Amino acid sequence: MILLSMILPAALVCLVLLYGNLLRRFFRIRAELPVLGLRDGLGQLTGKKKRLAALGALFFAVCFLGQLGAELWSPDMLMVFNYEEAARGQNPNVTRFNESNILSDHILEQVIRRGDLKVTTEQLSELLTISTPLDAEKLDVTQESDLKISTEYRIHCSEKVSLYHTSPKVVLNLLADVYWEDFVHNYAENDNILDLSFQELDGMEYLDVKNYLEMQAKKLRNYLPGYSAESSSFRAPESGETFASLSQKIDNFIEIELERYEALVLENGLSRERDTYRSRMEYANRVLETERRKDMAAHDVRIEAIEMYNAFMTRFVLIPTYDTNREFYMSRTKVGVDYFAAEAKEHLASAAELGEEMEHNTYASQQIGGASAASAAWVQADQRIGELKEELLRLSDQCRELCGAYVQEKRDGYIQVCFTTPSLGKKVVLSLLLTMLFTAALAGNSILKRDRSGRVPRPRKGAGAVKETQEVVL
């Protein structure tokens, strides 16, 4: 099939030879041209018009079908990146997009391995080229407004790949499949956070189990809001869950199920190492007390700064302003007192939270140090941990089902691949132009052809004139 790509070059070589021969004959008999005359020369073609027309039609068909066959055998592949970040030169995960990755060595190695191609990476790289519609434009990089980012890439595979017992279409299809898989794996949404592991729970303190499971549940919950903002009405195909309903289930798990488990542990004072756990709580409270004192000191400093302000300084805080509707109103402008007050409020709230945490640690330490729990409480706690793990795994599976269905729908539209269709109009015009040159060369050679004696043949007059057989020199 590589011969199809050689048809057009062969036709051009034929034209060059014909016109070379035409010029050679012209210079050999140019002195006899005035004697010959244009009318006599054209008269020689009277009996050869059908022959010239047939040869011209054959040449046109060969050129047109050769071009069409070559493009059908080795079409260009158009790869369009169809996602929002592509217009900004980014991947779906907001990293920088690099078009050189399409024909990178590790991609070509996978193409060769998957297609079992008998070609090296270097050889395949030389047979593939990539271009964009913007390559032909002259971009002025000094003007930011003129900078453009292409989202379409045209990839061409040379016909020479058939020398390695394959076809351009096969190579391009393999390239599209391999690159799509690599693109999705490295640059699409990463849902590995939905994979939960409970290996660290072995031997963990009962109250620490609650914190660990809460951390795992929050991982699931924090993964959903992004998709919910994009499509709040999307539902899982099987369960019918939405992002909002699944988030609510996770919230219930954290606020109800885990709180019940913690109450069970505190009520029975369950601990694997009582003394160690109580020492941890004491140390944690000392650290929290230090942080609480810092927050209270920061709060007091800002209150003191507010009291130092003169009331006259805060009196003029309203300024005349026009809104978007060109209506007049008095706008209140913040002054230093407002900022100090907001910061004092934040530090006071932080100190209150630290105080509550310290109280919880103290209560937990007291409960752990109490009387030993009954054996049934230990069994109940271990059973409850198993139930919580199973419930969290079910939530994880539901998240993966919902997010997987939504992401799959998005990923299918990330990259659109198609093969270009032949442009028949251009091929017809080019074939007609070459055919005109071909027939003109044939006619010129026929007119200027000498007979074997070296004389320019003249047409014979009269009705009984014998038609001479002309030899077409290609």
Side-chain angles (χ1 to χ4, degrees), residues 193 196-197 200-201 203-226 247 250-317 331-370 388 392:
I193 196 173
L196 302 182
S197 174
E200 299 181 8
L201 288 179
M204 186 178 291
E205 278 288 347
Y206 285 99
L207 287 177
D208 292 339
V209 168
K210 183 257 183 182
N211 296 330
Y212 183 82
L213 294 178
E214 182 178 356
M215 178 187 66
Q216 296 290 332
K218 287 182 177 179
K219 285 169 52 178
L220 302 179
R221 184 184 62 183
N222 295 338
Y223 189 78
L224 300 178
S247 296
I250 299 175
D251 288 337
N252 294 338
F253 176 83
I254 295 173
E255 298 173 2
I256 300 176
E257 301 300 331
L258 292 182
E259 291 298 329
R260 288 177 177 175
Y261 166 78
E262 184 181 26
L264 172 65
V265 173
L266 291 176
E267 180 181 357
N268 294 276
L270 302 179
S271 176
R272 300 185 187 277
E273 296 290 340
R274 294 178 181 273
D275 296 336
T276 302
Y277 187 80
R278 294 183 67 184
S279 299
R280 282 176 50 198
M281 292 300 99
E282 292 177 2
Y283 175 77
N285 279 352
R286 286 197 296 269
V287 174
L288 293 174
E289 176 62 18
T290 302
E291 295 297 326
R292 191 188 69 82
R293 289 179 179 181
K294 289 181 180 179
D295 285 333
M296 291 304 301
H299 168 266
D300 295 341
V301 167
R302 282 156 179 78
I303 295 299
E304 183 179 354
I306 292 174
E307 293 176 352
M308 294 173 62
Y309 265 79
N310 191 319
F312 183 79
M313 298 174 62
T314 61
R315 183 176 300 172
F316 302 99
V317 294
S331 174
R332 183 180 184 279
T333 303
K334 288 186 177 181
V335 294
V337 174
D338 299 304
Y339 293 104
F340 285 145
E343 292 176 1
K345 184 178 180 180
E346 292 176 0
H347 286 293
L348 183 61
S350 176
E353 291 179 0
L354 294 174
E356 292 178 358
E357 187 174 353
M358 291 171 59
E359 292 179 0
H360 179 273
N361 291 341
T362 302
Y363 174 74
S365 180
Q366 294 174 354
Q367 290 295 108
I368 295 300
L388 292 174
L392 195 55

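This structure is a prediction, so every number in the text was calculated from the model and none was measured.
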With a 4.5 Å heavy-atom cut-off, do Leu348 and Met296 have their side chains touching? yes
Do NZ/NE/NH1/NH2 and the carboxylate oxygens of Arg278 and Glu282 come within less than 4.0 Å? no
Is there a donor-acceptor contact under 3.5 Å linking the side chains of Tyr212 and Gln216? yes
Evaluate Asn252 against Glu257 for side-chain contact (heavy atoms from CB on, under 4.5 Å), listing each step before the verdict. CA-CA 7 Å; Asn252 294 338; Glu257 301 300 331; over 6 Å; no
Measure the shortest side-chain to side-chain distance between Lys294 and Leu354 over non-hydrogen atoms and say whether it is less than 4.5 angstrom. no
What distance separates Glu205 CD from Thr276 OG1, expressed to the nearest 0.5 Å? 7.5 Å
Drop me the distance from Met281's CE to Leu207's CG, to the nearest 0.5 angstrom. 7.5 Å
Side-chain contact test, heavy atoms from C-beta onward, threshold under 4.5 Å: evaluate it for Leu264 versus Tyr206 and give yes or no. no
For Glu289, is there an ion pair with Arg292 - N to carboxylate O distance below 4.0 angstrom? yes
Step through the shown structure and confirm whether more than 12 heavy atoms of other residues, nucleotides or ligands are within 6.0 Å of CD on Glu273. no
Any non-hydrogen side-chain atom of Val209 less than 4.5 Å from a side-chain atom of Leu213? yes
Do Arg221 and Ile254 touch side chain to side chain, with heavy atoms closer than 4.5 Å? yes
Under a 4.5 Å cut-off applied to non-hydrogen side-chain atoms, are Arg260 and Ile256 in contact? yes
Any side-chain heavy atom of Glu214 within less than 4.5 Å of one from Glu262? no
So do Phe340 and Val301 actually touch side chain to side chain, heavy atoms under 4.5 Å? no
